[in-house]
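Whatever order the structure lists them in is the order used to number ligands and atoms, beginning at 1. Computation of the quantities below employed the complete heavy-atom set of this structure, encompassing side-chain atoms and omitting hydrogens, waters and symmetry-equivalent molecules.
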Amino acid sequence: MSEQDLMPGWSVELLHDDFRQCLKEATLLYDSETDHQRLRVFRNPTFGRILTLEGAVQVTEGDEFIYHEMMAHVPILAHGAAKRVLVIGGGDGGMAREALRHAGVERVVMVEIDAGVIEFSKRYLPGIGAGCFDDARLEVVISDGADYVKTTDETFDVIIVDSTDPVGPGVTLFTDTFYGHARSRLTEGGILVTQNGVPFLQGGELTGTMRAFKALFRDWTCYLATIPTYVGGPMAMGWGTDGAARDTPLETLVARFAEAGIATRYYTPAVHKAAFALPGYVAKLMP
Ligand code: SAM
């Protein structure tokens, strides 16, 4: 029985065994299998257009800004001189959009396994990419991100893993081997950030990644932001670097943010700093 049969007219997320998010489908815009996964796009009265993969919410017009701003601006502004950014996954275009808002960023490579996600995001959610796919600084590579970091000889100042959860094609992006290859693609002082689920419901996902980061990086931790449709409390974003970017003083972040001249709806330098303060139940998940 698919999630659709459970409550007709509602998208029922089957991500968690005993916890269900249900989103009203005012209008179903697209529903079919791509080469890799079942993709649905529907309109919800509160969150606008929503993209789901295998029934799990990937992005909504209503709250995507929180996730994309925190996954892009925290590492880029902490780094301070990021020119080359690698986005793994992120086929909806939101992450590339935010990275390309930094005038100092000269090159963004998006490595997305599923061309269908890009195609249908351009068609049904054009406001998410907001023209990023027409930006000459962006190169799109249709490939498994794990293969890309293993085979490319390019290096990056910031790597952002904007993946699905560790299901289907996303499983490879939560392995020690992948993290090791990703680290080897970082320039000196480069930063790796990863989508790491909602610790209250997906604690094991975070612990697994942090265990790998502890072995790989001088500075490893996670930071938090709450995205309403990633249900279950704050989402964790893994952070790994051998540099000192996390110690960047607030005044410096304020100056860099002002110089970048980027208007945001969630990100501020103070929110950036505060996001690394972990509540007890999350700190307990750290190895
Ligand atoms: N923000 C969302 C989340 O937190 O769940 C993720 C959004 S983004 C659309 C996720 C993308 O990762 C999907 O387009 C999916 O096709 C892509 N993806 C999954 N596994 C991948 C892999 N091994 N290599 C590259 N892209 C992958």
Side-chain angles (χ1 to χ4, degrees), residues 13-16 21 30 33-41 47 49-72 86-99 109-122 124-125 128-129 132-133 139-152 159-175 177-179 181-182 185 193-199 201-202 205-206 209 222 224-238 266:
E13 200 175 50
L14 302 178
L15 201 51
H16 310 294
Q21 167 173 234
Y30 184 83
E33 297 287 337
T34 70
D35 294 346
H36 297 272
Q37 46 213 339
R38 180 170 181 186
L39 187 154
R40 289 170 64 84
V41 182
F47 292 99
R49 293 184 175 199
I50 298 180
L51 169 74
T52 67
L53 292 172
E54 300 298 336
V57 172
Q58 298 300 306
V59 68
T60 85
E61 290 176 323
D63 63 6
E64 57 85 14
F65 66 94
I66 303 170
Y67 173 81
H68 290 131
E69 288 181 10
M70 289 301 280
M71 285 276 279
L86 172 62
V87 175
I88 293 183
D92 53 69
M95 202 62 72
R97 177 197 76 212
E98 289 304 313
V109 177
M110 176 198 290
V111 179
E112 166 58 63
I113 199 168
D114 192 336
V117 172
I118 295 177
E119 183 192 341
F120 295 111
S121 296
K122 284 180 180 175
Y124 295 108
L125 296 142
I128 305 274
C132 74
F133 295 104
E139 179 188 352
V140 174
V141 178
I142 302 300
S143 166
D144 183 330
D147 293 340
Y148 180 83
V149 291
K150 194 165 81 184
T151 55
T152 186
I159 298 178
I160 304 172
V161 183
D162 177 15
S163 70
T164 51
D165 293 289
V167 291
V171 169
T172 56
L173 303 181
F174 289 80
T175 60
T177 308
F178 166 70
Y179 294 136
H181 287 139
R185 296 295 94 214
V193 296
T194 53
Q195 183 277 94
N196 259 116
V198 172
L201 296 169
Q202 302 164 301
E205 210 179 286
L206 177 61
T209 299
C222 71
L224 305 176
T226 302
I227 298 101
T229 54
Y230 297 157
V231 288
M235 170 177 258
M237 298 155 185
Y266 187 90

Going by distance alone, is a donor N or O of one side chain under 3.5 Å from an acceptor N or O of the other, for D114 and Q37?
yes
Apply side-chain hydrogen bond (donor to acceptor under 3.5 Å, both in side chains) to Y230 and list each qualifying residue two or more places apart in sequence or on a separate chain.
none
If you compare all heavy atoms of V57 against all heavy atoms of E13, which two are closest, and at what distance to 0.1 Å?
N-OE2, 2.7 Å
Single hit among D144, V149, T172 for side-chain contact (heavy atoms from CB on, under 4.5 Å) with F178
V149
Between the protein and ligand 1, which nitrogen or oxygen pairs come in under 3.5 Å, and how far apart is each?
from     : atom 1 : to   : atom 2 : distance (Å)
ligand 1 : 1 (N)  : Q58  : O      : 3.4
ligand 1 : 1 (N)  : Y67  : OH     : 3.3
ligand 1 : 1 (N)  : D162 : OD1    : 3.2
ligand 1 : 1 (N)  : Y230 : OH     : 2.8
ligand 1 : 14 (O) : E112 : OE1    : 2.7
ligand 1 : 14 (O) : E112 : OE2    : 3.2
ligand 1 : 16 (O) : Q37  : NE2    : 2.9
ligand 1 : 16 (O) : E112 : OE2    : 2.6
ligand 1 : 20 (N) : P169 : O      : 3.3
ligand 1 : 20 (N) : G170 : N      : 3.4
ligand 1 : 23 (N) : D144 : OD1    : 3.1
ligand 1 : 23 (N) : P169 : O      : 2.9
ligand 1 : 23 (N) : T172 : OG1    : 3.4
ligand 1 : 24 (N) : G145 : N      : 2.8
ligand 1 : 26 (N) : I113 : N      : 3.2

Find the distance between CD (E54) and CG (L15) and round it off to the nearest 0.5 Å.
11.5 Å
Grab the two heavy atoms, one from H68 and one from D92, that are nearest each other, plus how far apart they are.
NE2-OD1, 3.5 Å
